[in-house]
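Right, one structure below, let's go through it.
Count residues from 1 along the sequence. Heavy-atom basis, side chains included; hydrogens, waters and symmetry copies ignored.
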Amino acid sequence: MKKWLVASWLFVGFTLFGCSDLNNGITGEEPPEAVVEVGNKSYETTLGSYCWGGNGQSICVDTAGPKELLKGKEPIKVKSEEKINFVMNYEPKPNEFHVLQISENDEVEVMVKDNSFSAPLQEGVYYYSYGVWWMDEQEENVSNGDAFYNFVIEVE
């Protein structure tokens with residue numbers, strides 16, 4: 001059921017927002033790198049599914065969900081309710097964000113404010129899919145690019 005929910009979430013995102021011709025400042029052959037910052041340390045994310053492209057060409061790549069992509073990766077150690085920041089050194093910045101938190105028993109969307117959110121209260125391992133979209137400012141419901149960045153934390 002959890003795999004189906006993640007797959008459905010990705011499908012809805014790609015279907016509703018689609019990729020336009022990507023000529024609104026989006027450059028490069030794949031989405032920019034992104035990191036999460038916890039305290040004063042930065043940690044790489046794993047790029048998942050995305051639609052991207054330059055020169056009027058868009059490429060869409062579909063990958064496994066966060067748990068499968070991150071299998072064998074060492075979780076980022078965090079404290080309960082510690083602030084987790086999402087950082088991307090790229091212009092233009094994405095203008096829509098969604099975070100899906102996946103635990104052993106649950107999948108929930110997490111509230112994002114100023115590109116950050118708080119770690120859960122309960123100890124345990126949590127997987128995250130941080131979905132970002134570069135939505136067209138002139139045309140409603142059109143994405144100029146999107147990407148899902150994945151990482152895993154362990155609340156101690």
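Side-chain N or O atoms of T45 include one that pairs as donor or acceptor with a backbone N or O of A34 at under 3.5 Å. Under a 3.5 Å cut-off, the side chain of S103 and the backbone N or O of Y126 do not form any donor-acceptor pair. Checking side-chain atoms of S80 against main-chain N and O of L121 turns up a donor-acceptor pair under 3.5 Å.
Taking a 6.0 Å sphere around CD of E91, one finds it holds more than 12 heavy atoms contributed by other residues, nucleotides or ligands. For NZ of K79, the number of neighbouring non-hydrogen atoms (other residues, nucleotides, ligands) closer than 6.0 Å is 12 at most.
For K73, there are no side chain to side chain donor-acceptor pair (under 3.5 Å) partners, not counting sequence neighbours. Partners of E154 under the side chain to side chain donor-acceptor pair (under 3.5 Å) rule, at least two apart in sequence or in another chain, are K77.
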Test log, rule side-chain contact (heavy atoms from CB on, under 4.5 Å), inputs F148 and D62: CA-CA 10 Å; F148 291 85; D62 192 19; over 6 Å; no
Should Y50 and W133 be marked as a ring pair (Phe, Tyr, Trp, His ring centres under 6.0 Å) after you check the CA-CA gap, both sets of side-chain angles, and the distance that decides it? CA-CA 10 Å; Y50 64 88; W133 289 262; over 10 Å; no
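Closest of all the heavy-atom pairs between M88 and V132 is CE-CG2, 4.3 Å. In plain terms, the two heavy atoms of Y90 and I26 that are nearest each other are OH-CA, 3.4 Å. Here the closest non-hydrogen pair linking A147 and Y149 is CB-CE1, 3.6 Å. Nearest heavy atoms, N89 versus K93: CA-NZ, 4.1 Å.
One distance of note links CZ of F151 with CD of E44; it measures 13.5 Å at 0.5 Å rounding. Distance check: Y127 OH to Q101 CD gives 12.5 Å after rounding to the nearest 0.5 Å. In this structure, the separation between CG on N150 and NZ on K67 is 13.0 Å, given to the nearest 0.5 Å. With values rounded to the nearest 0.5 angstrom, E139 atom CD is found 9.5 Å from N141 atom CG. Taken from CE in M111 to OG in S118, the straight-line distance is 11.5 Å, to the nearest 0.5 Å. Considering CG of D146 and SG of C60, their distance stands at 7.0 Å, rounded to 0.5 Å.
There is no path of hydrophobic side-chain contacts, each under 4.5 Å, that joins V87 to I84. Linking Ile, Leu, Val, Met, Phe, Trp and Tyr residues whenever their side-chain heavy atoms come within less than 4.5 Å leaves V155 and V108 in two separate clusters. Cluster annotation: V35 is not connected to V112 through the hydrophobic network of ILVMFWY side chains, with a link wherever side-chain heavy atoms come within less than 4.5 Å.
With a 4.5 Å cut-off on side-chain heavy atoms, L47 and P31 count as touching. The shortest distance between side-chain heavy atoms of C51 and S58 does not fall below 4.5 Å. Looking only at side-chain heavy atoms (C-beta outward), E82 and I153 stay at 4.5 Å or farther from each other. Side-chain contact between P66 and Y130: absent, with no pair of heavy atoms (C-beta onward) separated by less than 4.5 Å. For the pair W52/V61, no side-chain contact is recorded, criterion being any heavy-atom separation below 4.5 Å from C-beta on.
For the side chain to side chain contact (heavy atoms under 4.5 Å, CB included) criterion with F117, the lone passing option out of F86, F97, Y128 is Y128.
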